[in-house]
Amino acid sequence: DVKVTQSSRYLVKRTGEKVFLECVQDMDHENMFWYRQDPGLGLRLIYFSYDVKMKEKGDIPEGYSVSREKKERFSLILESASTNQTSMYLCASSLYSGYFYEQYFGPGTRLTVT
Amino acid sequence: KNEVEQSPQNLTAQEGEFITINCSYSVGISALHWLQQHPGGGIVSLFMLSSGKKKHGRLIATINIQEKHSSLHITASHPRDSAVYICAVKGETSGSRLTFGEGTQLTVNP
């Protein structure tokens with residue numbers, strides 16, 4: 001079974017802090033994704049990566065950066081956390097199959113910025 | 001208007017009822033996914049389809065490409081089916097990205 005793990009289930013940070021969210025997958029997937037999920041807005045893509053050191057902006061990249069130094073690990077960085085970044089953050093990974101593929105999700109990190 | 005619209009937003013049913021959740025999309029797609037999210041956040045993939053119909057246990061997913069519409073049916077619903085059900089599409093030109101609907105909150109009462 002594919003396993004996608006995230007470093008924390010719950011996180012509380014102060015405004016202005018630098019925040020790191022880590023995601024690790026164990027199935028040698030090329031693609032990895034970071035989403036945030038907010039009530040009434042659904043899942044929105046922040047960034048995704050299609051290979052080591054390769055990244056592409058999603059729909060809402062402002063205020064975030066990412067790092068992918070190893071294939072299995074994809075990090076989301078909030079350079080200076082703000083209260084409007086309080087949200088559920090979900091990581092996912094998938095094979096690149098060109099046509100059909102399935103995304104596997106981690107358990108999520110609920111981040112509160114006070 | 002969102003590219004992916006789900007209805008209803010909220011659905012309450014009694015145990016044993018037949019349930020239908022609908023998904024309409026406005027772009028050309030190569031695949032459509034139905035996902036399930038239980039309280040606590042974890043999301044699992046239920047179906048991935050591009051045509052016709054798929055069945056897994058009490059769950060059935062159908063898609064009509066011409067009408068840009070998909071439905072998720074649950075037969076003989078059970079309280080453990082209570083979850084958020086999310087429709088997501090892979091656009092023909094969107095590469096590896098998915099576009100998600102807002103989700104349908106299903107509550108099945110005993």
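For the residue pair B/Ser77 / B/Glu15, no side-chain donor-acceptor distance below 3.5 Å is found, with atom types taken as modelled. Using modelled atom types and a 3.5 Å distance limit, the side chains of B/Thr104 and B/Gln6 yield a donor-acceptor pair. Under the 3.5 Å distance criterion, with hydrogens and angles disregarded, no donor-acceptor pair is assigned to the side chains of B/Ser45 and B/Trp34.
No other option in B/His33, B/Gln9, B/Glu102, B/Arg97 has as many heavy-atom pairs under 4.5 Å with chain A as B/Arg97.
The interface of residues 38-59 of chain A with chain B, defined by heavy-atom distances below 4.5 Å, comprises A/Gly40, A/Leu41, A/Gly42, A/Leu43, A/Leu45, A/Phe48, A/Glu56, A/Lys57, A/Gly58, A/Asp59.
Applying side chain to side chain contact (heavy atoms under 4.5 Å, CB included) to B/Ile74 and the options B/Val108, B/Ile60, B/Asp81 leaves one that passes, B/Asp81.
Contact annotation for B/Leu98: both backbone and side-chain heavy atoms come within less than 4.5 Å of a heavy atom of chain A. In this structure, no portion of A/Arg110 lies under 4.5 Å from any heavy atom of chain B. When heavy atoms are compared at a cutoff of 4.5 Å, B/Gln37 approaches chain A solely by way of its side chain, counted from C-beta outward.
By the 4.5 Å heavy-atom criterion applied to side chains, B/Leu106 and B/Val84 are not counted as neighbours.
For A/Tyr35 and B/Phe100, the ring centers sit closer than 6.0 Å to each other.
Within a 6.0 Å sphere centred on CD of B/Glu67, heavy atoms belonging to other residues, nucleotides or ligands number 12 at most.
Using bins of under 30°, 30° to 60° and over 60° for the plane-to-plane angle, the ring pair B/Phe18/B/His73 lands in the parallel bin.
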